[in-house]
Amino acid sequence: MSQTVSKAIEDAIQSTSNTLQNGGYPKLPIDRNPPMGDFAIICFPASKVLKKNPNEISEEISKKIKHSNLISFATNVKGYCNVNINWNTLAKDVIYELKNPNYGTSNNEPEKILIEHTSANPTGPFHMGRARNPIIGDSIARLLSYYGHNVDTEYYVNDTGRQAATLAYGLSQHKTKGKGKVDHRLVECYRKASEDLKNDQEIKDKVYNKMELIESGDKTALNEVKDSSKKMLKGMKESLKELGAEAENYYHESDLIATGKVEKIIEKLKESKICKEEKGAYYLDLKEKNIAGRNQKFFFTRENGLSLYTTRDIAYHIEKFKNYNRAINILGEDHKLQSRLLEIALEELDSKIPEPVFYSFVNLPGGKMSTRAGRVVYLDDIMKEITKLASEKLSENKLDKSMKEQLARQIGIGALRYNILKVQAEKGFTFNVEEALNLQGDSAPFSMYSHARASAILRNYGNKIPDIESIQPLEEGEIKLLRTLSKWPSIIEKSVTNLSIHHIPNYIHSLSSDFNQFYRDCPVINSNNLEFRINLVFCSKKILNEGLSILGIKAPERM
RNA sequence: GGGCCUGUAGCCUAGCCUGGAAGGGCGUCUGGCUUCUAACCAGAAGAUCCAGGGUUCGAAUCCCUGCAGGCCCGCCA
C-alpha cells in the first residue's frame, strides 16, 4: 500500500474508533480490504451486547462518523459500515508518491539471488507441458529484480546420464533431413536412437558403457555428450529467446563431473552420520527424516561407486551457494520428493537450501502430453499461431508494416505469457488453444491497450507533466483508479514474499479495468481538473508499464 | 500402503496464509463509436464455493472424515 494512503487509513480508523468508544460502542473488527470504500467496521459482534441487529448498529455508526479532513463519508450496507477516506485531501501527496521511481520497490538491502529455471533435458524441442517453467522463472526473476534484488538466472543442462548418451549416439549414427529448426530436426535422431536401444542389446550395451565412461570422468566422452547437447540446445535457445525467457547462464552437468566436484561431494556425504552402505552403493538413511513412501534409502552412488543424477544436483547447489545467498528453483511438481531429498543432503553438508517454486503440469484436452503417443503441442507452433492471430487483428490498423510485425509479436508472445502467468502455479491446467488465442478480456492485449490509450492521452497533451497546484473535487472514477494505484506496493510485496507471480496479472487486469472506466467517465484534455488527471494518466501508464514488464510483456505506445 | 497438490456458475479463474458482503474473464442475451484509440464500455442471466461433520456471533477460508483428479515413492534423469 502507498505509505500516504496506508497512514491515512490507519489515522481514519483511529479517529472512528475514538468516536465509537466515546459513543459507548464495543471494539469492533475492521476489514481493511472491503468490497466498497477504504475500510469497513464489522458490526455483527456488537449485536449481542447492544441487543440490536447489526444493520441498526451500522446505520447508527454511519451517522456518527462525520465528514472531516480524514474521512469523506460512511455508509451502512447490511451490517457493514463502509468508510471512505477523504481522497481529495490526499490526492496531491499520493500522486507525488506514485511518481517516485522507487514506488513499489524495497528499501531493504538487496540479496544476491540465483534463479534456476527451465533446465529441460536437451533431447528435443519444447512442448507446452514445459513452457510454464521458463515463463514463470523468467517473470519471478523480473519481479525480484524490480523489487531491488540482484538476480541472475541459470539453466542447468542435464548433459550426462542415459538420455545424453542416447542423444550423442543418435547424432553420430543418424542423418538429419530438411531445413527446419535444429531441435526439431535432431529430435528425430534421438527418437531413432531410443528405438535402437530398445531393439538391439548390443547398441544398448554400447550406450551404457558410454554412460559409465561419462560418469567416471572420461574427458573425451564428456566432451562428446556436451557437444551433442549443445547442438540440440541451440534450437531450444531460439525458442526461449522468442519467448523472451532465456536464462542468462547455462551450467553444464558434465562440468561438475569433469572438474571433480561430484567426487568431492560423494566423499563428504560418506562422512554423514546417516550414511550407510549396501553392496558397495552408498545411501543416506531417511528413517528419521519423515519421508513418506516405501523407500527410505536415498542412494547417492551406484554399486560401481559412480554418481547419480541427484548427487550431481547436490554438487551443483553447493556451487550455487558459493556465489549467491539465495537460490530459487522453478520445478515441475514431479520434482517435489527429489527436491526434499536434495534439501536433506544439503543439510547434512551444512549448506543452505534452495527455495523451490512448484508448478503443475500442463495437460492437453485429450490427456497428458506424450511424445510417444504423438500428442504434443510444440511451444514453437503455439508462438507462431498466436502471433499470426495477433497479426490478423492488426490488419485494419493504420500503422506501417514493420511496426505491425513487431507489434504482432509483442501481442502474441505477451498473450501467451499472460495466459500462463495468470493462474496460480500449483493449479494444474489443461492447455486450451482456443482460450490462449483469445485476445480479449483478462489477457495481455487488454492491459497493453489501456497502456496505449494512456500513451495517446499523454501524446495529445504534449507538455511536461505539471505539478499539481489545485485540485477539483474528485469523481468516483478518479478515486477508484487512485485507490487501485495505491495498492501496487502491497501486491509486489505479496508476490515477492510468496514467490507467486499470478498476483501481478490479476492486479494489472483490475488496474486496466479501472483505467478504462476512468477513460470513459473523465475526459482529460480540456478538463477543468486537467492538472490532476494528466498526472493520474501518467501514473497509470507508469504502473501498467512496470507491471507488464515484470510479466515480460512489452507495453506499446500505440496499437 | 504412504506423502504432496488441486476441487469456486456451461467453461477458465481470484479470494484460502491472516474467518466477516462470493470478485474477474470466456461463452450467451441487450445497448453504446460525428467526443483523448470500441482489442473498449454499460446492463442482464448464470454459484448446493466437491460432500459430510466440528469450532465460531459469523466458514469458500480454520480443524476432522470422506470423495474425485493430478503428481511422486528406482543403484533412471
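These figures come from a predicted structure and were not determined experimentally. By convention in this document, chain letters (A, B, ...) are assigned in the order of the sequence lines, proteins followed by strands, and residues within each chain are numbered from 1.
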Does A:Glu263 have more than 12 heavy atoms from other residues, nucleotides or ligands lying within 6.0 Å of its CD?
no

Look at all strands and tell whether A:Leu337 reaches a base, only sugar-phosphate, or nothing, counting heavy atoms closer than 4.0 Å.
sugar-phosphate

Counting any heavy atom closer than 4.0 Å, what does A:Asn304 reach on the DNA or RNA strands: base, sugar-phosphate only, or nothing?
nothing

Please state the P separation for the pair B:U13 and B:C50 - nearest whole angstrom.
13 Å

For A:His335, check ring pair (Phe, Tyr, Trp, His ring centres under 6.0 Å) against everything at least two apart and list the hits.
none

Distance, P atom - from B:C40 to B:G27, rounded to whole angstrom
10 Å

Rounding to 0.5 Å, atoms CD (A:Glu531) and CD (A:Gln472) come to a distance of 9.5 Å

So what's B:G46 paired with, Watson-Crick or G-U wobble, going by both distances under 3.5 Å?
none

Using a heavy-atom cut-off of under 4.0 Å over every strand shown, decide if A:Glu277 touches base, sugar-phosphate, or nothing.
nothing

What interatomic distance, in whole Å, is found between P of B:G23 and the corresponding atom of B:U65?
32 Å

Pairing residues for A:Lys261 by the salt bridge (Lys or Arg N to Asp or Glu O under 4.0 Å) criterion, not counting sequence neighbours:
A:Glu319

Can you tell me, in whole Å, how much space there is between the C1' of B:G74 and that of B:A68?
29 Å

Heavy atoms only, 4.0 Å cut-off, all strands: where does A:Glu434 land among base, sugar-phosphate and nothing?
nothing

When you match A:Lys336 and A:Ala452 each to their closest nucleotide on RNA chain B, which lands nearer the 5' end?
A:Lys336

Taking NZ, NE, NH1 and NH2 as the nitrogens, is one of them in A:Glu215 or A:Arg312 under 4.0 Å from a carboxylate oxygen of the other?
yes

Parallel, tilted or perpendicular, judged at 30° and 60°: which one describes the rings of A:Phe299 and A:Tyr283?
tilted

Please work out if A:Arg533 contacts a base, only the sugar-phosphate, or nothing of the nucleic acid, heavy-atom cut-off 4.0 Å.
nothing

With a 4.0 Å cut-off on N to O distance, would you call A:Asp285 and A:Lys276 a salt bridge?
yes

Applying a 4.0 Å non-hydrogen cut-off, can you work out what A:Ile411 is touching in the nucleic acid: base, sugar-phosphate, or nothing?
base

Select base, sugar-phosphate, or nothing to describe what A:Glu303 touches, counting heavy atoms under 4.0 Å on all strands.
base

Euclidean distance for P, B:A59 against B:C29 (whole angstrom)
39 Å

Side chains of A:Phe515 and A:Arg453, heavy atoms from C-beta outward: is any pair under 4.5 Å?
yes

Considering every strand and a 4.0 Å limit on heavy-atom distances, what is the contact class for A:Met559: base, sugar-phosphate, or nothing?
base

Reckon A:Arg340 touches a base, only the sugar-phosphate, or nothing at all at heavy-atom distances under 4.0 Å?
nothing

Just call it for A:Leu394: base, sugar-phosphate, or nothing, with non-hydrogen atoms closer than 4.0 Å on any strand.
base

C1' spacing across the pair B:A22 / B:G15, given as an integer number of angstrom:
8 Å

Please report the distance separating the P of B:A39 from the corresponding atom of B:U34, rounded so that it comes out in whole Å.
14 Å

For the P atoms, the ones on B:C17 and on B:C5, what distance do you get once it is rounded to whole angstrom?
15 Å

For A:Phe299, answer base if it contacts any base atom (sugar-phosphate contacts may also be present), sugar-phosphate if it contacts only those atoms, and nothing otherwise; contact means non-hydrogen atoms under 4.0 Å.
base

What nucleic acid atoms does A:Gly441 come within less than 4.0 Å of, heavy atoms only: base, sugar-phosphate, or nothing?
sugar-phosphate

Chain A reaches RNA chain B, atoms under 4.0 Å from its heavy atoms, from B:G1 to B:A77

Applying a 4.0 Å non-hydrogen cut-off, can you work out what A:Cys522 is touching in the nucleic acid: base, sugar-phosphate, or nothing?
base

Identify, between A:Glu333 and A:Asn295, the residue whose nearest nucleotide on RNA chain B lies closer to the 5' end.
A:Glu333

Greater than 12 external heavy atoms within 6.0 Å of A:Glu277's CD:
yes

What's A:Tyr519 touching, base or sugar-phosphate or nothing? Going by heavy atoms closer than 4.0 Å.
base

Tell me which nucleotide, if any, is Watson-Crick or G-U wobble paired with B:C71 when both distances must be under 3.5 Å.
B:G3

